[in-house]
Amino acid sequence: MRHVSKLLSMPDNLLERSSFLVAGALLAWVLQQYRVLRNEDTALINEHIKDVEKFRDQALEYWLAVPDPKLKDDIEHRKMKDLALAAKVRAAHAATTIPYQAVAALSGSRQAEYKTTTQELYALATGGDFESQRDGIEPERALEIFDSASRLINLLREIRREVISIRRLFASAFTACKRNVVILVCVLLGLAVGLFGFWKLDFDKARPAEMKQEIPQLRTDG
């Protein structure tokens with residue numbers, strides 16, 4: 001009888017152990033997905049900050065470029081030099097537009113602020129007499145460009161902190177599940193098995209106490 005009882009109890013133990021294994025594997029997978037996506041998103045924002053800094057520097061160089069006195073009468077040469085500086089600004093701005101949509105998606109509640117500040121910086125850097133003949137520098141515009149770029153960089157750093165927050169853990173798991181339906185089904189099955197195993201474990205722990213309460217009552221009635 002003892003061997004039969006032990007044999008009958010084996011499936012319950014196996015189910016409990018399997019439930020813990022499934023829950024542990026699921027947690028490890030979620031943490032791994034979070035770490036992968038967090039690293040990708042953080043690297044994206046870091047590169048975007050560098051692009052914004054380069055765009056700022058090229059714009060400042062353009063608006064603070066002092067005309068060469070030697071080229072005062074050489075209008076064509078001055079025009080070519082201004083166009084070369086303007087081309088650097090255009091190229092630096094083009095680099096900031098590549099990750100624009102991806103960074104906006106990571107911005108969350110700061111998305112509107114990110115888009116507005118980005119557009120403001122572009123308008124300041126390429127407005128006024130941009131790509132036109134200028135007689136001198138424009139320090140006021142340069143200060144506005146620096147201020148706008150500084151606010152944008154600070155905003156991106158705040159977005160980066162949000163990316164590595166704990167709330168991103170659940171968002172990362174959800175994003176990974178959306179990418180692969182098979183993974184989503186496996187996760188749901190794993191959760192079901194894990195929850196059932198935990199419920200079965202609590203139920204089995206509660207049964208001996210109930211049986212002890214019933215035994216004295218049966219002996220009294222006898």
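Taking CZ of Arg161 as the start and OG1 of Thr42 as the end, the distance is 12.0 Å to the nearest 0.5 Å. Here NZ of Lys115 is found 6.0 Å from CD of Gln101. Values are rounded to the nearest 0.5 Å. Atom CG of Leu156 sits about 7.0 Å away from atom CD1 of Ile45, to the nearest 0.5 Å. The line from OG of Ser109 to CD of Glu162 is 7.0 Å long, rounded to the nearest 0.5 Å.
With hydrogens and angles ignored, the 3.5 Å screen pairs no side-chain donor or acceptor of Ser148 with any backbone N or O of Ile145. Side chain of Gln111 to main chain of Ala104: a donor-acceptor pair is present (N/O by atom type, distance under 3.5 Å, no hydrogens or angles). A donor-acceptor pair is defined here as one N or O able to donate and one able to accept, closer than 3.5 Å; no such pair exists between the side chain of Trp63 and the backbone of Ile137. Formation of a donor-acceptor pair under 3.5 Å by the Arg160 side chain with backbone atoms of Asn46 is not found in this model.
No side-chain heavy atom of Leu44 sits under 4.5 Å from any side-chain heavy atom of Val163. Between His48 and Ile98, the closest side-chain pair of non-hydrogen atoms is not below 4.5 Å. Residues Leu155 and Ile159 have side chains in contact (heavy-atom distance under 4.5 Å, counting atoms from C-beta outward). Arg56 has its side chain within reach of Leu60: a pair of non-hydrogen atoms, C-beta onward, lies under 4.5 Å apart. For the pair Ile49 and Arg157, the minimum side-chain heavy-atom distance is below 4.5 Å. Inter-residue side-chain proximity for Val89 and Glu61 is flagged as unmet; no heavy-atom pair is nearer than 4.5 Å. Thr118 is not listed as a side-chain neighbour of Val103, based on a closest heavy-atom distance of 4.5 Å or more.
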Query - Working for side chain to side chain contact (heavy atoms under 4.5 Å, CB included), residues Thr126 and Arg90 - result: CA-CA 8 Å; Thr126 61; Arg90 293 287 188 188; 4.2 Å; yes
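Lys50 has no carboxylate O lying under 4.0 Å from a charged side-chain N of Glu53, or vice versa, which leaves the two without a salt bridge.
For Ala92 against Gln58, the heavy-atom pair with the smallest separation is CB-CG, 4.0 Å. Between Ser132 and Asp82, the closest heavy-atom pair is O-OD2, 4.2 Å. Contact detail for Asp51 and Thr96: the closest heavy-atom pair is O-CG2, 3.6 Å. In this structure, Arg141 and Ala123 approach most closely via the heavy-atom pair NH1-O, 4.0 Å.
Considering only residues two or more places apart in sequence or on other chains, Tyr100 meets the ring-ring contact (aromatic ring centres under 6.0 Å, His included) condition with Tyr114. Residues passing the salt bridge (Lys or Arg N to Asp or Glu O under 4.0 Å) test with Arg110, sequence neighbours excluded: Glu113, Glu158.
Each ring pair (Phe, Tyr, Trp, His ring centres under 6.0 Å) pair with one or both residues in residues 138-164, not counting sequence neighbours, would appear here, but there are none.
The ring of Phe130 has its center closer than 6.0 angstrom to the ring center of Tyr62.
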